[in-house]
Amino acid sequence: MGSSMKTEAKRKRPAGGDTPKGPASKRPAGKGPPAAKPAPKAAPKLLSKKEQKEVVKSKKLKFKKNYATIQETVVLWEQLRPKQATKEEKAALVSRILKKLQGNTVELANHHSASRVIQWCLKEGGAAERARLQAEIRAAVVPLSKSKFGRHVVQKLIALAPKEDVPGLVKLFRGHVAELLRHPAGADVLDDLYSVAPPPCRNALCAELYAREFSLFGGVAMPAESIAHLGQLLAGAEPAKRAAVVAHLYKGLAPVLEKALLHPVMTHRLLRELLTEAPGSLVADVVDTLAATGGNALKLVHTHDGAAAACMALAYGTPKDRKRLVKGMKGFVWQTAENEWGHAVVATALTVVDDTALTSKTIVSELREHLEELATNKHAHRVLMQLLAPDCHRYLPPATLELLHPPAKSRMVPESGPRESGAAPDGDDEELDEEEEDEGEAAAEAGDGSGSDGEAAANGGAAPKLVERPLGESKKAADARRRELLGGGKDCLAAALCALCAGQAGELLRSPVGGDVVVEVSRGGAGGLLWELQQGGVEGVHAAIVAAVAADCSGSGAPQQPQPQGAKKKKAKAEAAAEQAPEQAPEQQEGLLTHYHASRALRRLLLAGGADGADGAGARAFAAALWSRALAGRCAPLVGSHAEKVLAGLLHCGAPDVEAAAAAELAPLVGGDAAAWAARFMGPPPAGGAAAPGGSKDKAKKKAKQQQRQRQQQEQQQEQPHALHSADDACAALATKGLSVLEVHAEWCGPCKSTVTLFKTIRQDKDDKSALAFLTNGQLRARIVGADVPALSSSIYELTPVHPELDDLAENPFHLARCEGREGKPGNARQGKAAPGKKR
């Protein structure tokens, strides 16, 4: 009680007001004068900018490590950067900089300015300086690869390393590939290393994600360098080992997919292998994770393996996955379509996605904006070809067809009742399908974790019955999807295609790839779908082509033949001088009937009329219009020119009236037998007798089977290269249709042994003293010196004809030489001994 009273007394305020604070409250009352107020502080002195910099510099020198060294090296680096510096001055400056950095290079490489200085020293220094820096960096190459600025030093070291030093650099990353592949900076370093590494080193880098043994020991049962792909490792493996390898690969790639680090080429290869070898349940998880990245999936489309992985994701994905992937293409459809491999991804999306409202809004609308460029681009036009003539081997090479149709996969899901097989679903139905599929997946997870049937029965319910269901199953028919994408109104894609072909028929027919678009539009597309949707537009294309042909044949009645380049220049100069015009007269275009690409396109269009039903209706209508409006009564001047191919096509156009009228007019002009004359332009007859043109269907089928059998035998014979020791051997080998690759080498060098495997796998990367000549139908199309893999692969894909039997042997100089009984090659090599070579 007493203590509480004392406390209250202490808290009691004086009568004069508030209790004074500070030192004055401690002063006893009545003793001394009051304390004086402190003097006001002086205002701080304002520093100039130069003085402020000095203060900052002094603080950095005091608190930041290596700041002085960095500043000194930066000053020297500024003297190194000007282009006027000589090599001797640069070498001396590099030596001075390296002396200051010696022993502290790894730590300084993590600094922004010092990292740039080290990169310049690597570039401007000699082999000794580069070796000294590499020796200091070797021990810390993995931490530097993860550094924001240090990774640039490692990338510069990789870029400047000679070929023989690359395997040593690859060994520095052993055991850390999976760790770096999921790091943003480390993925860039690995991408640069993978791009310069030879195939064995690339295999070793990828093998670390297959199993732990490859990262620790470089492989036990099989060396990592010898594993070209995952399928080679899993061939003949037990199911348990196969599952373990696939699970290890998925574990390494899962964080990479979640972080959307999809730009390294190495990731493209591993992702394709995972989607190819993994079971359906695991593939569904990978596709779901990949679709969640949205537009980042476009980082895959610029490589073969990446485009294959993207096509698999579209083919195996659910409607929800496909929707996210298609939405990610928005704004980049044209750039993807014109890519060497990206066009397959766009074509796959148009082939498998049932939600045509989404694809029309996202993909087709952007393609329409670049329709003219699309029709003339050698890669992008294949997207149109897939819509007009799906899976046609003439327009799509085997590599693209393989991407469009990945192998089928399936997984076990709970049975949710019978599936409806009625009308095709629209966008709303697809959303319902997504909800049903999510419910099915949830039920499957619940069933997997429920234990045994007895436990399920104990809980009062039966275990769900599992059924096998294919991944990426589409419920809409392919023809219905094509119909909706092409459309039938005035502003649809079909109408825009017809308008483009009608307005630029001549230019497109003279184009190597534009002629394919005109042919398919003019014949009405596969199954006559375009003829059904836009018959008036297709007839307008017919009218434009017929008018161009009639204009070429007007006047003298014969098409304009190509003139020598010198004659054209002389004629243009004479006309310009006569008219006294400031501009030079334009050159006259070659006629459609004699143009190399246009004449073949017209012949192909006429031959398409031989198809039954609606598939050849448009081509037969074109044949009737071409004969009646342009060629009837004008065949005499055309015989003996390149236009004979088109005239021969009229005899097999499928329209009886046109065939009869053309045969009657051509018979007296070609010696009486028009059918035998036309057979010269249709290829040689099969062994065992030639079938009469326009014969029965049985004879036509028999002829097709015989040609296919001959083609297969020819392909088997051409699998292995055979030596050519004389001019006769070379002439006989090159007097064939299709693509021939001739290797020319010196006698002291010998043939390139590595190219045998190179042509089979297109994966080797070896230099050799040889030259490869690519000949199509006996005519030189390309020449490559050494084993240039990108050029070799591109030449094979572009120059290999899908239907070599359609080549005209009358244009093969080697075939003509054999027919005339000449000894040796045409040209300078007809006499004497031919250079040693090999035909592949």
K.L.:
Please give me the minimum heavy-atom distance between L650 and A623, naming the atom from each residue.
P.N.:
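Taking every non-hydrogen atom into account, CD2-O, 4.5 Å.
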
K.L.:
Do W341 and C311 have side chains that approach each other closer than 4.5 Å (heavy atoms only, starting at C-beta)?
P.N.:
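No, side chains not in contact.
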
K.L.:
Side chains of L388 and L497: closer than 4.5 Å at any heavy-atom pair?
P.N.:
yes

K.L.:
Any heavy-atom pair between the side chains of E532 and R483 that's under 4.5 Å?
P.N.:
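Yes, their side chains come closer than 4.5 Å.
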
K.L.:
Are the side chains of L485 and L350 in contact, using a 4.5 Å heavy-atom criterion?
P.N.:
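Contact flag for L350/L485 side chains = yes.
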
K.L.:
Is there side-chain contact between L314 and T351, with heavy atoms separated by less than 4.5 Å?
P.N.:
no

K.L.:
Checking the side chain of K323 only, and the main-chain atoms of D355 only, is there a donor and an acceptor separated by less than 3.5 Å?
P.N.:
no

K.L.:
Test ring pair (Phe, Tyr, Trp, His ring centres under 6.0 Å) on H263 and H268; report intermediate values, then the result.
P.N.:
CA-CA 8 Å; H263 59 281; H268 300 180; 8.5 Å; no

K.L.:
For R523, is there an ion pair with D615 - N to carboxylate O distance below 4.0 angstrom?
P.N.:
yes

K.L.:
Spell out, as yes or no, whether a donor-acceptor pair under 3.5 Å connects the side chain of S641 to the backbone of L638.
P.N.:
yes

K.L.:
Tell me whether T293 contacts the main-chain N or O of L290 through its side chain, where contact means a donor paired with an acceptor under 3.5 Å.
P.N.:
yes

K.L.:
Testing the 3.5 Å rule here: is there a donor-acceptor pair between the side chains of H370 and N377?
P.N.:
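No donor-acceptor contact under 3.5 Å links the two side chains.
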
K.L.:
For a 4.5 angstrom cut-off between non-hydrogen side-chain atoms, does L486 reach Q534?
P.N.:
no

K.L.:
Quick one: are the ring centres of H381 and H343 less than 6.0 Å apart?
P.N.:
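So the answer is no for these two rings.
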
K.L.:
If you count the non-hydrogen atoms of other residues, nucleotides and ligands that lie under 6.0 Å from CD in E372, is the total more than 12?
P.N.:
no

K.L.:
Has T359 got a side-chain atom pairing as donor or acceptor with T356's backbone, closer than 3.5 angstrom?
P.N.:
yes

K.L.:
Would you say L607 and C653 make side-chain contact, with heavy atoms under 4.5 Å?
P.N.:
no

K.L.:
Would the distance check show the side chain of R510 and the main-chain N or O of E590 forming a donor-acceptor pair, the cut-off being under 3.5 Å?
P.N.:
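Yes; judged by distance alone, with no hydrogens or angles, the pair exists.
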
K.L.:
Before accepting this row, confirm whether a basic side-chain N of the pair D305/R272 lies closer than 4.0 Å to the acidic partner's carboxylate O.
P.N.:
yes

K.L.:
With a 4.0 Å cut-off, would you call E484 and R481 a salt bridge?
P.N.:
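Between R481 and E484 there is no salt bridge, as every charged N stays at least 4.0 Å from the carboxylate O atoms.
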
K.L.:
Under a 3.5 Å threshold, yes or no: a donor from one side chain and an acceptor from the other, between T336 and N339?
P.N.:
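Short answer, no.
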
K.L.:
Test your reading of the model: is there a side-chain donor-acceptor pair from E665 to the backbone of G633, 3.5 Å cut-off?
P.N.:
yes

K.L.:
Quick one: does any side-chain atom of D321 pair with a main-chain N or O of V287 as donor and acceptor, under 3.5 Å?
P.N.:
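Flag not set: sc D321 to bb V287 has no pair under 3.5 Å.
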
K.L.:
If only side-chain N and O atoms count, and only distance matters, is there a donor-acceptor pair under 3.5 Å linking E520 with Y395?
P.N.:
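Checked: Y395/E520 side chains pair up, N/O donor to acceptor below 3.5 Å.
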
K.L.:
Which pair of heavy atoms, one from H595 and one from S599, lies closest together, and at what distance?
P.N.:
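Between these two residues, the closest heavy atoms are O-OG, 2.6 Å.
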
K.L.:
Any salt bridge between D288 and R324, counting N to O under 4.0 Å?
P.N.:
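The answer is yes: the pair qualifies as a salt bridge.
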
K.L.:
If you define the side chain from C-beta out and look only at heavy atoms, does anything of R322 sit under 4.5 Å from S474?
P.N.:
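Answer yes - side chains close enough.
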
K.L.:
Under a 4.0 Å threshold between the charged nitrogen and the carboxylate oxygen, would K330 count as salt-bridged to E366?
P.N.:
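Result for this pair is no, no salt bridge flagged.
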
K.L.:
Within the side chain of Q504, is there an N or O that forms a donor-acceptor pair under 3.5 Å with the backbone of L500?
P.N.:
no

K.L.:
Any side-chain to backbone donor/acceptor pair from R604 onto D516? Under 3.5 Å, distance only.
P.N.:
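Judged by distance alone, no pair lies under 3.5 Å.
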
